[in-house]
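See below for the structure under consideration.
Lettering of chains follows the sequences in order, A, B, ..., and the numbering in each one begins at 1. Bear in mind that the values here come from a model prediction, so they are computed numbers and not experimental data.
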Amino acid sequence: MTDVQDKVVTTEKPSVVATLFRFQSVFGLIAVFVAAIIFSPRKNGEILFVSADNLANVVRAVSEIGIIAVGMTFVILIGGIDLSVGAVLGLAAVGSAVLMVENDWGFLPSVVLVLAIGLVFGALQGVATAMIGIQSFIVTLAGLQIARGLARIWSGGQGVAIAYGDGPKEAPTSFALLGERTFGGLVPIPVIIFAVVAIAAVVFLRVSAFSRHLYAVGGNEKAARLSGVPVVRVKIAVFAICGLLASLAGIVHAVQLNQGSPNDGIGYELDAIAAVVIGGTSLAGGRGSVAGTVAGALLLGVLNNILALNNIDSNIQLLIKGLVIVAAAALQRLRPTS
Amino acid sequence: MTDVQDKVVTTEKPSVVATLFRFQSVFGLIAVFVAAIIFSPRKNGEILFVSADNLANVVRAVSEIGIIAVGMTFVILIGGIDLSVGAVLGLAAVGSAVLMVENDWGFLPSVVLVLAIGLVFGALQGVATAMIGIQSFIVTLAGLQIARGLARIWSGGQGVAIAYGDGPKEAPTSFALLGERTFGGLVPIPVIIFAVVAIAAVVFLRVSAFSRHLYAVGGNEKAARLSGVPVVRVKIAVFAICGLLASLAGIVHAVQLNQGSPNDGIGYELDAIAAVVIGGTSLAGGRGSVAGTVAGALLLGVLNNILALNNIDSNIQLLIKGLVIVAAAALQRLRPTS
Amino acid sequence: MAESFDLVRMVGIGKRYGGVQACHEVDFVLGAGEVHALLGENGAGKSTLMKILSGDVTEYAGSIAINGTPVRFSGPTDAQAAGIAMIHQELDLVPGLSVADNIFLGRELRTTVRTVDRRRMEREARELLDRSGVSLDPRRPVGELRVGEQQLVTIAKAISLDARVLIMDEPTSALTSSEVERLFDVIRELRNSGVGIVYISHRMEEIAKVADRATVLRNGKIVTSFDPRKLSTAEVVEAMVGRPVQTMFTTPDSDTGDELLRVENLKLKARRPRPGRRDPDGISLTVRSGEIVGLAGLLGAGRTELLETLYGVAPGGTRTGRILLQGKPIQPRGPRQALAQGIGFVPEDRRASGLVLFHSILANTVVSSLPSYGRLGVIARRMERAASTRMADRLRLKFGRLQDEVGTLSGGNQQKVVFGRMLLTEPKLLLLDEPTRGVDVGAKAEIYRLLGELAAQGLGVLLASSELPELVGVCDRVVVLRDGRDVASFSTADSGEGELLAAAMGQGAVFDEVGGV
Amino acid sequence: GTTSERASGGASPGSSKSCKGTDGKYTIGMSQANVAEPYRQRMDDDIKAAAKDVPQFDVKFADAAQDNAKQVADVENYITQQIDLLIISPNEAKPLTAVVKKAYDKGIPVIVLDRKVEGDAYTGFIGGDNVQIGREAGKYIAEKLLPQGGNVVELKGLAGATPQAERHEGFVEGIKGNPKVKVIASASGDWLREKGQAQMDALLKANPKIDVVYSHNDPMAEGAYLAAKAVGREKEMKFTGIDALPIPSGGIKAVEQGRLSATFTYPTNGKEAIAAAKKILVECGTIEKTQTLPTRLIDASNAAKIYAEENPTG
Ligand SMILES: Nc1ncnc2c1ncn2[C@@H]1O[C@H](COP(=O)(O)OP(=O)(O)OP(=O)(O)O)[C@@H](O)[C@H]1O
Ligand SMILES: Nc1ncnc2c1ncn2[C@@H]1O[C@H](COP(=O)(O)OP(=O)(O)OP(=O)(O)O)[C@@H](O)[C@H]1O
Ligand SMILES: [Mg+2]
Ligand SMILES: [Mg+2]
């Protein structure tokens, strides 16, 4: 994918404009947010969109895509792509349900095993990409099918319902907590998980040596290798992280929906990629940020919410969403570059 | 993504190995073909897989994906990607049905309009990519949603049945011919359409100056521009061709299924991309061939067929297909290049 | 020489890139049948000025007239139509297309039915290549060619345009002297037929040989214009840099220490041989600490491949022979292991294999030595900045801020960043592949000075270069490679460029299989 | 569906609270699982058509595109909008139970269509009985089409979908009466016409003698017919489907035009849902907790008549 790239920026004095543009995905978010307030339906003088529980809903609704998109950001930063995340989410949702309900495992071992499965699955895809050198698009396209097939087989093809309790065929009540709301019943736990993941990722990318390697691999793989960056290890680690986070999202998904179904997460990969790209990360690799991705995910969430609150016809919604995605991506192109 | 290609032959001394590798996507196909013969069920001593009408079915089943994949090859050769093809197929299928059945248009005007819609839709995506500079992944992801939305609106959300005849609300019988079989009832017309498209594309890529420009844009866009290649025009043309072929596939789809449904072609883009990549075209652009794509599409078709003939469980099918895709892509990596 | 009239007249040309004034009020005149050298330090604005003339850069101040007619090009195609062709500094070829396709890209030869006339293109490409002195198969994909061969293809491509104005932006940076001589023959031929040629190069010795006139740019402005045959190299250099540059080449005293690297009959048999690659086929040599050993050879002699093999990045295959580092045998496995053992490598092509152009100077400098700036995988930003600043000072890097993108630096300064990155790893042995390609004389002098300093501290250097004056001037000893074998070894104290060249070309060379001292 | 152990959640939303009589204006939210299925699109269309006759009603539609999480969000958005009544056709039971209960507990009457949610935190359920439909189809094949016995192939819906399991289960029961009816092969066509066609291509190849194709829905049956026609074998066998949508591309037309021997209605319940809503909101009445609509056999004898009945305008 060699679509035009912004190669070299002259940075003698970082102008106000340049600084603004650094945060433009946030501006896109603010623009959509303001538009949402303006177009929000009102009931009894109250602007429905900004009501506390609606906002909580918005963030809860994007928390899974958000968690996945953080992992996707890593993968895209090294110039790869991961189409398997939605299927891995489904696999993890099924895994959580089957282990806790059908196999009567405890909370911790189940969660650990499910996360480990995501990690290993991602790492294997990393191996195929980094060591055999198959393009990640293809590896993860195959990974998607494999994960989906495994989920179907593991679940017996049916959604596995999760009931809570201490009896047999019941999941531990500690697991249910993950789906609850806290801080006065306002902030859903999934939102907190998303926030923790996002903040951890931002900090990690800022301070770790690993992150330098990651950006270098995405920026110029050959140069990175010759500079002594452990390219293969970085790639495997990144795909493993992405698989791990998709798994985490799957656990969150299962607990929110009280079941694990092998059809969970179909198409989530495209939403996650859209969030990453709207957030200003280049599909060519080497530049981008998790903060942008979070803004991108929230933008999509607000957009979905305001369209739904206004009961826009679902077909028209498809058109509007397509146009907004293009507009948001076009905004990225407005950067002051050569 | 640096696989070297069969476009240009190394001629210092074209070793046997190099020659073999030029055709390795064909070898993948042959391998799968042989495996299919071995694993084919037999009835009364006849190997079911190689019976004439089964082979005709195999090719008919891949003809739509094949036609799309030819267009996709062009897009991928210039370093882009087109995720909208499945949705454009659906739009074209709906369009053919609505125009001929509900609007009582004739065969030719309907087909011309539908093809024109695909062409323009593709060209618009090309404009967004080439002139605004948005990455094609995002443009066509949005395009997918828009085309799907348009198809839903145009059809009223339901599949439009095609009945043939001369009366009102009936499609002209000339249209039905497209779905027939010829040469002693053996070769389906869709297969002939696919073959014509593929051969035309191969010849076109071999003899036209445009094809040199296309490879140049994908291989080194800056060099292409400096050499006076009309980069923007090439890109727009390529996306337009891809849209046109997706439209053509949609017409074929409608006639084969006797209806145009807005849900036609969901997920076809991934199959088409898989066919292209298995055929040895690099997602990085600049290297690849239509012949490889045809081999890739047939490989997928044979695989689907043999799994179905053996009644393999659909979940296991997912696993097997995923593994074969990875294996076929890995085969591409074995070429003697860096 | 043909009578000169103003084939090209550029008046008051100005171009800004953000805060950088690449060209300022430049007046430039080129006559027909004139070879006009354009000189200046890295970043002086030479390429920018010529990109404006060739239609690549379309937004600029000032005016251009061709043969007295004012023109304003909207793209390279316009310029080509007006008879202006340019060989770009960065080799802009399409790797997947054949040599012939590349030469005729954008103006393919057609048959009567408008299809591409492949056979005629191949024939004409072969003739063009023969003319510029290489016998390359026109059907080979350009991606398989060596840098030098690619440069010859771009030259052939430019010549094929039959232009009235031919701009050559550093056409010889990857060529060795014999190819350069052939090119000069072509240039003379073109000049005699009335073509106006702009010639940009950092190799001073070439200027006096081909140019009729020379113009010097500094910081985007013209500083002087003169007849190069009337000035000495030292005077030309002073005009470019703005101050006298005393010693171009350090003359290191051979105060060398223990044996650092010993290569004995090294052979690499690649598992999958690639056409045009010249893997080591029996190379022996030694490098002592404090010693700078040169690697000479013609295009394709196998210098790059030797360095890649030593650094462990050569393609897989069977390696025979021995490599000893400080007396201990090593098996090069890759950059990480090499760096850990104290071997650093500066690759030939800094843009493709050296830098992430859109990342900061800081990130590019420290990427090889990250673990030393913090613990537990967390980077201490202050340490990292300090190291980077230290290196920038030491190399006299010309830059704005450490956060600036490396791609905005001039070529020579980019080279220093790659260089500095390796120095931060504190190597014992540095493998340098054409470290001064495209670097201006001033920066070269600094790099040489630095090499001398490092050698004095006990570093060993293996330096591959195509520039004979550099090899003779900088190295203590030069090993000549030909066809993947070492064929001669000279001490620079008592041998000159002529002998090196003769050995490289295989004419009456001393056959010295042992190599070593 | 199973019934959960939980006690019924408080008082059922009094019709007194949401009912404002004939003068009221009511916003109804319809949460559809997936409009990409013709059956569900028709359900929306039926609701739209029925609501036209109730001037007090303003019906909004949301499409969850087959995603449970999206459907949960859709219902939550309806709650935010303070709709007067919720109609939901759930993608799956368990994941939607909690949010449906949330709406119900907030006093919004809930009418559940086609697929049940768990527990009893809803006002009424209207649906068909897939096991029953499968059984009817089985009986029809065993008694009418193959009284002398014969070979049947089964084209199943998407693996994992409840109706797929139920239509299979009922069918097996239905053909029990005639032991000479043999199911010689089955394949999954994922509810899709083209998948049905491709699977049938292979089934035809692998099975020289097929007498009846039992398909879990009409589109797959049509696909199977096309596959048989392509090899000139469509006359050798009979095809049956399920759903019988009264639309031009639906099963009734296919029966009328002779491609399918029979199909079985799977009622969309759209009309019934609006009737129930009217009862609750406008008439302040109560509705039955569970209303199961019977299936009808459509064959050549009644197809045209029923199609006309279902499409009174055209
Ligand atoms: N695309 C660009 N964006 C920003 N700055 C640029 C760009 N191209 C050139 N510059 C700047 O313009 C100045 C002149 O560059 P130019 O390439 O003309 O130098 P040059 O004389 O050709 O140097 P060299 O000898 O290294 O090739 C430099 O400071 C360079 O950094
Ligand atoms: N067939 C090929 N395919 C891909 N890369 C090649 C091929 N042949 C050579 N190379 C690459 O080209 C480089 C060697 O060419 P280079 O331009 O360095 O030659 P040179 O410097 O003129 O000669 P020398 O071999 O003496 O260094 C190496 O990086 C090598 O990997
Ligand atoms: Mg330059
Ligand atoms: Mg070299």
key: chain D contact via A/Ile266 - side chain, backbone, both or neither, heavy atoms under 4.5 Å   = neither

Chain D to chain A donor-acceptor contacts, backbone plus side chain, under 3.5 Å:
residue: D/Asp67; atom: OD1; partner: A/Tyr268; partner atom: OH; Å: 3.1
residue: D/Asp67; atom: OD2; partner: A/Tyr268; partner atom: OH; Å: 2.8
residue: D/Glu76; atom: OE1; partner: A/Arg60; partner atom: NH2; Å: 2.3
residue: D/Asn77; atom: OD1; partner: A/Asn305; partner atom: ND2; Å: 2.9
residue: D/Gln81; atom: O; partner: A/Lys43; partner atom: NZ; Å: 2.8
residue: D/Gln81; atom: OE1; partner: A/Asn311; partner atom: ND2; Å: 2.6
residue: D/Gln81; atom: NE2; partner: A/Ala308; partner atom: O; Å: 3.3
residue: D/Glu92; atom: OE1; partner: A/Gln259; partner atom: NE2; Å: 3.2
residue: D/Glu92; atom: OE2; partner: A/Gln259; partner atom: NE2; Å: 3.1
residue: D/Lys94; atom: NZ; partner: A/Ile162; partner atom: O; Å: 3.3

ask   = With sequence neighbours excluded, what pairs up with D/Val54 under the side chain to side chain contact (heavy atoms under 4.5 Å, CB included) test?
value = D/Gln56, D/Phe57, D/Ile274, D/Lys278

request  = Side chain from CB out, backbone as N, CA, C, O: work out which of these in D/Ala69 comes under 4.5 Å of a heavy atom of chain A, or both, or neither.
outcome  = both

Contact class of D/Ala165 relative to chain A, heavy atoms under 4.5 angstrom = side chain

